[in-house]
There are 2 protein chains.
Amino acid sequence: MTTSAAQRRERARAEYNAFLAVCPSHQLLARVSDKWVTLILSALGSGGDCAGEPGAMRYSELSRLLAGVSQKMLTQTLRSLERDGLVTRTVTPTVPVTVTYALTDLGLSLQHTMRALKSWAETNMDDVFDNRATYDERVG
Amino acid sequence: MTTSAAQRRERARAEYNAFLAVCPSHQLLARVSDKWVTLILSALGSGGDCAGEPGAMRYSELSRLLAGVSQKMLTQTLRSLERDGLVTRTVTPTVPVTVTYALTDLGLSLQHTMRALKSWAETNMDDVFDNRATYDERVG
DNA sequence: GTGCCTGCTTCCCGTTGGAGAGTAGCTCGC
DNA sequence: GCGAGCTACTCTCCAACGGGAAGCAGGCAC
């Protein structure tokens with residue numbers, strides 16, 4: 001029987017665990033490398049517009065700003081960010097209940113790091129789109 | 001009839017488009033904020049282990065190193081990275097055909113930016129895990 | 001020939017994420 | 001009192017994305 005495939009798979013899994021053991025930060029890296037995490041932190045870190053100051057935002061504000069996100073994902077992502085200690089959730093029992101989200105110091109430091117990524121995206125956007133157009137021409 | 005919900009949805013969509021018009025880089029940011037993109041670039045940028053030098057890697061090498069990725073996703077992600085001009089794909093017609101992937105200058109600049117994110121993850125990993133444990137205790 | 005190697009591609013299916021409706025708790029209008 | 005409306009979710013579908021395993025091209029080894 002051709003056990004080589006299964007054996008290789010086993011070995012691959014073992015190596016994967018070893019990889020995680022050597023680089024456990026990759027777990028957190030994978031967690032943080034999420035579309036909505038990035039965009040929500042970007043929104044919380046830049047205020048209402050794209051160039052503002054960090055500040056608390058309401059749930060509905062975030063929902064309106066990142067209209068591409070579903071309410072489910074917004075709630076889910078905010079919960080996980082709260083769990084990771086990156087944002088704080090504050091409920092104010094006003095007339096209609098008001099929930100505000102703000103970055104913690106930890107979240108702020110991550111957002112600060114992500115700002116570099118964002119500015120990379122802004123800087124190299126045109127290059128990437130050019131490359132895409134060229135690639136599509138060559139292939140399609 | 002309660003058209004307010006539909007109207008608000010329409011308005012939200014319009015605002016979303018406006019948001020993308022104001023911050024088109026967010027599209028690229030969302031594209032780049034992908035688990036496998038981050039990990040593949042991290043792998044290509046750090047060589048075989050976690051602290052090496054950038055260099056070309058073979059398909060099978062990447063597959064073995066990031067054993068958590070399926071072949072499908074690896075191929076797919078590498079293709080899109082190639083399309084975006086972040087990596088180059090080189091086929092060498094050796095005995096069994098050899099395909100190597102390497103970062104372009106653009107990919108290298110992104111990887112350099114991501115290195116900050118990776119070091120953030122390494123630095124604050126413990127804090128995040130502590131926060132998670134605390135949160136889970138409070139809730140569960 | 002048969003088998004095996006690498007680098008994909010294809011098929012099946014479970015999980016994830018989106019759309020839209022529904023809910024709790026409150027206040028306001030009538 | 002009763003319905004309407006507001007905010008911040010929560011629930012229920014369903015389509016689409018991603019993982020696992022198997023298949024495939026094509027060149028060499030035996």
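For the numbers below, each heavy atom of this structure counts, side chains included, while hydrogens, waters and symmetry mates do not. Lettering of chains follows the sequences in order, A, B, ..., and the numbering in each one begins at 1.
- One finds no side-chain N or O of W36(B) lying less than 4.0 angstrom from the OP1 or OP2 phosphate oxygen of dC17(D).
- If you measure from atom CE of M73(B) to atom P of dT15(C), you get 18 Å, rounded to the nearest angstrom.
- The OG1 atom of T77(B) lies 10.0 Å from the CG atom of L39(B); values are rounded to the nearest 0.5 Å.
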Atom pairs under 3.5 Å, N or O on each side, protein against nucleotides 8-11 of chain C: can you list them with distances?
from   : atom 1 : to      : atom 2 : distance (Å)
dC8(C) : OP1    : R79(B)  : NH2    : 3.1
dC8(C) : OP1    : R89(B)  : NE     : 3.4
dC8(C) : OP1    : R89(B)  : NH2    : 2.3
dC8(C) : OP2    : Y101(B) : OH     : 2.7
dC8(C) : N4     : Q71(B)  : OE1    : 3.0
dT9(C) : OP2    : R79(B)  : NH1    : 3.2

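- Under the side chain to side chain contact (heavy atoms under 4.5 Å, CB included) test applied with V99(B), the options L62(B), L78(B), V91(B) reduce to a single match, V91(B).
- Taking side-chain N and O atoms only, R58(A) has no distance below 4.0 Å to OP1 or OP2 of dT7(D).
- Each of T100(A), T98(A), T75(A) was checked for a side chain to side chain donor-acceptor pair (under 3.5 Å) with Y59(A), and the lone residue meeting it is T75(A).
- When all heavy atoms are compared, the tightest approach of T104(A) to G85(A) is OG1-O, 2.7 Å.
- For the atom pair L117(B) CG and T38(A) OG1, the distance stands at 8.0 Å (nearest 0.5 Å).
- Rounded to an integer number of Å, the gap from CG of L74(B) to C1' of dG7(C) is 10 Å.
- Nearer the 5' end of DNA chain C, as judged by each residue's closest nucleotide, is the contact made by T100(B), out of T100(B) and P96(A).
- We find that NZ of K35(A) is positioned 13 Å from C1' of dA16(D), with the value rounded to whole Å.
- For the pair D34(B) CG and dG19(D) C1', the interatomic distance rounds to 15 Å; values are reported in whole Å.
- Taking every side-chain heavy atom of V97(B) into account, dG7(C) is the closest of dG17(C), dA8(D), dG7(C).
- Scanning for side-chain hydrogen bond (donor to acceptor under 3.5 Å, both in side chains) contacts around S119(A) gives an empty result, with sequence neighbours left out.
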